[in-house]
Chemist: 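Below are the structure tokens for one structure; questions will follow.
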Amino acid sequence: HILSQEKEAHETLQNWATAQPDNVAPVTALVSMLLDDNQSAEAVDAAKAGIARLPEERRNDQRLQLLIGQAQLAAGMQQQGEATLIALIHTTTDPSMMNSTAYILGKSGLDLSLSESTAKAALAQLTEESKTWTLKEDPQNALAHSRLIASTWDTLGWILYLEGKLTDAESYIQPAWTNRESPEIGEHLAEIAEGKGNPDEALRL
């Protein structure tokens, strides 16, 4: 795929999924790759085919369900995608998964109230977990957890922005930007600045 041989990459993953029908990894990799290549309808079909081959106990893999919901929304299957993601929200306790699901729903303009409460729940869980961190933590794990908190700040802030709560949104997105100056977070700050009538600040951001 790095060599821009998308067709060959897709076929390789399909062959892997066929050869190991009880393995979720090739299915999620294929669906993710198709989404990256803007082939959302094909991603939905690949997900359905992969799920049909998987044993019953692996069909509700949370990463796979997240990708299916995302693919359905991207393919214009709004009702199905919304239902898939809401079902995931109601079953997951993983703050990373909660954050991702809330962001995808919110970004699509769906269920903003549920997205907001889910992002807040994920942030509360992460905040509580952070109280147990010590200097003995693996630095890479600590970095990953810190980045997830910043990402969740951005998610919650963006949902608040979509709800028209610009000041509240900025209070979460600004610290996310301070911790991780990603283009997407910067764009969110710019949108808030523009919404508050500060076009020069929006352009700077």
Side-chain angles (χ1 to χ4, degrees), residues 1-108 110-111 114-115 118-119 121-122 125-126 129 137-152 154-155 180 182 184:
H1 193 252
I2 293 173
L3 298 174
S4 298
Q5 297 175 340
E6 284 83 3
K7 182 179 179 181
E8 291 82 355
H10 298 165
E11 289 176 352
T12 299
L13 290 172
Q14 287 169 343
N15 291 337
W16 180 16
T18 301
Q20 296 183 351
D22 60 342
N23 191 345
V24 178
V27 182
T28 56
L30 177 58
V31 175
S32 181
M33 187 180 293
L34 288 167
L35 279 171
D36 288 343
D37 294 337
N38 295 315
Q39 299 182 42
S40 50
E42 291 82 353
V44 173
D45 291 340
K48 288 180 178 179
I51 286 176
R53 286 192 296 265
L54 287 170
E56 186 70 31
E57 66 274 12
R58 300 200 179 187
R59 292 181 181 179
N60 290 322
D61 177 85
Q62 292 187 355
R63 171 66 177 162
L64 181 55
Q65 291 301 315
L66 178 70
L67 288 169
I68 292 170
Q70 187 177 358
Q72 288 169 328
L73 290 178
M77 303 165 63
Q78 185 168 326
Q79 190 172 8
Q80 296 95 318
E82 183 178 15
T84 300
L85 294 175
I86 288 176
L88 178 56
I89 278 178
H90 289 314
T91 56
T92 187
T93 57
D94 177 1
S96 176
M97 193 62 59
M98 293 163 70
N99 172 57
S100 297
T101 309
Y103 186 73
I104 293 170
L105 273 177
K107 189 177 181 180
S108 301
L110 300 170
D111 301 286
L114 176 61
S115 298
T118 301
Q125 185 174 332
L126 289 166
E129 289 176 0
E137 289 282 332
D138 182 330
Q140 290 303 313
N141 287 339
L143 178 61
H145 292 152
S146 296
R147 285 178 172 171
L148 179 55
I149 289 175
S151 177
T152 308
D154 179 57
T155 293
R180 186 167 62 90
S182 77
E184 188 169 27

Chemist: Do Q72 and T84 come close enough that some side-chain heavy atom pair is under 4.5 Å?
Modeler: yes
Chemist: How about I89 and T92: do any of their side-chain heavy atoms sit closer than 4.5 Å?
Modeler: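 Of all side-chain heavy-atom pairs linking T92 with I89, none is under 4.5 Å.
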Chemist: Is the shortest side-chain heavy-atom distance between Q70 and L67 below 4.5 Å?
Modeler: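 Answer yes - side chains close enough.
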Chemist: Using the side chain to side chain contact (heavy atoms under 4.5 Å, CB included) rule, take V44 and Q80 through it: C-alpha gap first, then chi angles, then the decisive distance, then the call.
Modeler: CA-CA 11 Å; V44 173; Q80 296 95 318; over 6 Å; no
Chemist: Return the minimal non-hydrogen interatomic distance between T155 and A119, and the atom names on each side.
Modeler: CG2-CB, 4.1 Å
Chemist: Is there any side chain to side chain donor-acceptor pair (under 3.5 Å) pair reaching into residues 49-61, and which pairs are they, with sequence neighbours excluded?
Modeler: E56-R59
Chemist: Might you confirm whether atom CZ of R180 has over 12 heavy atoms from other residues, nucleotides or ligands at distances under 6.0 Å?
Modeler: yes
Chemist: Of the non-hydrogen atoms in P26 and L13, which two are nearest, and what is the gap between them?
Modeler: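 For P26 and L13, the tightest heavy-atom pair comes out as CB-O, 3.9 Å.
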Chemist: How long is the gap from CD1 on I51 to NZ on K48, to the nearest 0.5 Å?
Modeler: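 Separation between the atoms: 9.5 Å.
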Chemist: Nearest heavy-atom pair of I68 and A47: which atoms, and what distance?
Modeler: CG1-CB, 3.5 Å
Chemist: Measure the shortest side-chain to side-chain distance between T101 and L66 over non-hydrogen atoms and say whether it is less than 4.5 angstrom.
Modeler: yes
Chemist: Looking only at heavy atoms, what is the nearest atom pair of A71 and S40, with distance?
Modeler: O-CB, 3.9 Å
Chemist: Quick check for you: to the nearest 0.5 Å, what is the distance between L73 atom CG and S108 atom OG?
Modeler: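 OG of S108 is found 4.5 Å from CG of L73.
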Chemist: Please list every donor-acceptor pair under 3.5 Å in which a side-chain atom of residues 15-23 meets a protein atom from a residue at least two apart or in another chain.
Modeler:
residue : atom : partner : partner atom : Å
N15     : ND2  : E11     : O            : 3.2
W16     : NE1  : Q20     : OE1          : 2.9
T18     : OG1  : Q14     : O            : 2.9
Q20     : OE1  : N23     : ND2          : 2.8
N23     : OD1  : A25     : N            : 2.9

Chemist: Less than 4.5 Å apart, side chain to side chain, heavy atoms only: is that true for D37 and E42?
Modeler: no
Chemist: On a heavy-atom basis, which atom in S151 and which in N99 lie closest, and how many Å separate them?
Modeler: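 Closest approach of S151 to N99, heavy atoms only: OG-ND2, 3.2 Å.
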Chemist: Locate the shortest heavy-atom distance separating E82 from L110; write the atom from each residue and the value.
Modeler: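 Taking E82 first and L110 second, the nearest heavy atoms are CB-CD1, 4.1 Å.
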Chemist: Do D111 and L85 come within less than 4.5 Å of each other through their side chains, counting heavy atoms only?
Modeler: no
Chemist: Which residues pass the side chain to side chain contact (heavy atoms under 4.5 Å, CB included) test with Q125, not counting sequence neighbours?
Modeler: P95, M98, E129
Chemist: Is it the case that the side chain of T118 and the backbone of L114 share a donor-acceptor pair, with hydrogens and angles ignored and the cut-off at 3.5 Å?
Modeler: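 Yes; judged by distance alone, with no hydrogens or angles, the pair exists.
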